[in-house]
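Single-structure report; data block below.
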Amino acid sequence: MKTPKAFYQPLAIGAPAPFRDLPVALERMIHFVPPHVEKMRAKVPELISKVDVVLGNLEDAIPADAKVEARRGFIQMAKDNEFRQTGLWTRVNCLNSPWFLDDLMEIVPEVGDKLDVIMLPKVEGPWDIHYLDQLLAQLEAKSGISKPIMVHAILETAEGVKNVEAIAAASPRMHGMSLGPADLAASRGMKTTRVGGGHPDYAVLSDDSNGAARTAFQQDLWHYTVAKMVDACLSYGLKPFYGPFGDFSDQEACESQFRNAFLMGCLGAWSLHPKQIELAKRVFSPDPAEVAFAIKILEAMPDGTGAVMIDGKMQDDATWKQAKVIVDLARLVASKDSELAEVYGL
Ligand code: GLV
Ligand code: MG
């Protein structure tokens, strides 16, 4: 293991020092764009004002014969637009693919100074992060990039889930993680054909008592993994995200899956369809009634200690901390969204 002193040293002479704290950014939805499609690239200027993160996808869902075009399309869209407060990310191809090296070698020198985060798929362990970390440092140094590019891992293999803490701890370049339920299902041998969400057969049956009709209660297939990811991320100061929800026709189920993730600690999810943008915005912006109650708690306990009763509910140092999480997020949302700022009264 590296010594604490060495941990924050740049990995190449001339590379920028890694961040000590993650930059403050609102990332409620990471919106996926297929950059080889010109019609989609043309929508990027409009998207920038609608979403928190624009991501150029180079990996799965991009046909093998369009990989090079997607990479070039991403470089073009990065050059053609000013992203201002909106994040610019790319999901590169996985480490063992024929495209990963050229993804990095072409994108970083061309648009590395505009790129906030590289999303790395199919991360199995800290060794994957170490490799990307070193390569990025070399490319940043060579290209004279002054702001470090962060790394976001997709948690989508059984091995990755097993090693989730070591992945979180692998580098100060780590931004966070997303659950990748489709690849993870395949990797685990789960018997599903869905991209995220529940399954009607994954249920607990009520007791068989006195011949009364039994009820099946559907359970959340992703609860264990999301909980494990949230603990690994938060203990290392990283951000956890729910990933994709593939059934665009079922907004209700998508909302419920996103909301479970939000309540458990996630800060955003992927939007793969324009329909999911507003939905993610609604779910990952705190509920105005919760914000109002949280503000009451903070105001009733100005120094965050002691115990008070509010609306019949006991509040103490711990609920003060919970309230602060909600109010801090609401302030961040309000700084970007004047409509919600008004609703929150912030
Ligand atoms: C995302 O990449 C997934 O596999 O679900
Ligand atoms: Mg995947």
Side-chain angles (χ1 to χ4, degrees), residues 27 29-36 53-64 66-67 70-71 74 89-100 103 117-125 128-129 132 151-164 167 174-199 202 220-230 232-233 239-250 253-258 260-261 264 266-273 275-277 279-280:
E27 291 160 342
M29 74 298 290
I30 302 163
H31 189 73
F32 273 53
V33 175
H36 58 299
V53 175
V54 174
L55 177 145
N57 178 30
L58 311 184
E59 199 225 10
D60 290 358
I62 307 300
K67 292 287 189 187
R71 185 192 302 140
F74 175 71
W89 297 21
T90 180
R91 176 169 80 166
V92 294
N93 288 287
C94 60
L95 288 169
N96 64 359
S97 73
W99 306 289
F100 168 83
D103 288 347
V117 175
I118 288 185
M119 183 183 269
L120 185 65
K122 301 175 178 65
V123 174
E124 304 262 37
D128 290 339
I129 304 297
L132 177 56
V151 171
H152 182 102
I154 312 182
L155 198 59
E156 55 181 352
T157 66
E159 177 79 358
V161 175
K162 192 184 83 185
N163 293 320
V164 66
I167 294 168
M174 284 300 293
H175 161 277
M177 285 182 212
S178 290
L179 171 76
D183 270 301
L184 184 53
S187 166
R188 280 180 173 158
M190 289 166 64
K191 311 303 177 291
T192 57
T193 53
R194 301 170 174 213
V195 179
H199 193 288
Y202 190 71
D220 185 356
L221 275 168
W222 306 109
H223 178 82
Y224 155 78
T225 316
V226 172
K228 202 169 166 175
M229 176 179 75
V230 167
C233 282
K239 297 181 176 182
F241 292 77
Y242 191 83
F245 190 93
D247 186 350
F248 304 150
S249 69
D250 196 347
C254 180
E255 179 157 355
S256 141
Q257 186 80 78
F258 282 6
N260 288 348
M264 278 189 77
C266 291
L267 290 167
W270 303 0
S271 49
L272 301 181
H273 187 282
K275 273 177 163 179
Q276 295 179 334
I277 296 174
L279 197 156

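In each ligand, atom 1 is the first atom listed, and ligand 1 is the first ligand listed. Values in this document were obtained by computation on a predicted structure and should not be read as measured data. Just the heavy atoms: all of them, side chains too, but no hydrogens, waters or symmetry mates, feed the values below.
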Say whether R188 and T225, considering side chains only, have a donor N or O and an acceptor N or O under 3.5 Å apart. yes
Mark up the atoms of ligand 1 that fall under 4.0 Å of a heavy atom belonging to G180, in ascending order. 1 (C), 3 (C), 4 (O), 5 (O)
What about R91: any of its N or O atoms under 3.5 Å from an N or O on ligand 1? yes
Would you check whether P181 has a nitrogen or oxygen atom less than 3.5 angstrom from a nitrogen or oxygen atom of ligand 1? yes
Interatomic distance, L155 atom CG to K228 atom NZ [nearest 0.5 angstrom]: 8.5 Å
Between R91 and W270, does a side chain to side chain contact (heavy atoms under 4.5 Å, CB included) hold up when you go through it step by step? CA-CA 12 Å; R91 176 169 80 166; W270 303 0; 3.7 Å; yes
On a heavy-atom basis, which atom in P244 and which in P181 lie closest, and how many Å separate them? CD-CD, 3.4 Å
Output yes when the distance from some N or O of ligand 1 to some N or O of A182 is under 3.5 Å, and no in every other case. yes
Say whether H152 and E27, considering side chains only, have a donor N or O and an acceptor N or O under 3.5 Å apart. no
Evaluation steps, side chain to side chain contact (heavy atoms under 4.5 Å, CB included), between F241 and H175: CA-CA 11 Å; F241 292 77; H175 161 277; 3.7 Å; yes
Have a look at R194, M119, E156 and point out the one with the heavy atom closest to atom 1 (C) of ligand 1. E156
So which atom in Y242 and which in C266 form the shortest heavy-atom distance, rounded to 0.1 Å? N-SG, 3.9 Å
Atoms of type N, O or S from the protein that sit nearer than 2.8 Å to the Mg ion (ligand 2) number exactly 2
Does the side chain to side chain contact (heavy atoms under 4.5 Å, CB included) test come out yes or no for M29 and L279, once each step is laid out? CA-CA 9 Å; M29 74 298 290; L279 197 156; over 6 Å; no
Distance under 4.0 Å to a non-hydrogen atom of W270: what atoms of ligand 1 satisfy this? 1 (C), 2 (O)
Is the shortest distance from a heavy atom of P244 to ligand 1 less than 4.0 Å? yes
For D183 and ligand 1, does the shortest N/O to N/O distance drop below 3.5 Å? yes
To the nearest 0.5 angstrom, please state how far the OG atom of S178 sits from the CG atom of L120. 12.0 Å
For D183 and K122, what are the C-alpha separation, side-chain angles and deciding distance, and is it a salt bridge (charged side-chain N to carboxylate O under 4.0 Å, His left out)? CA-CA 8 Å; D183 270 301; K122 301 175 178 65; 3.1 Å; yes
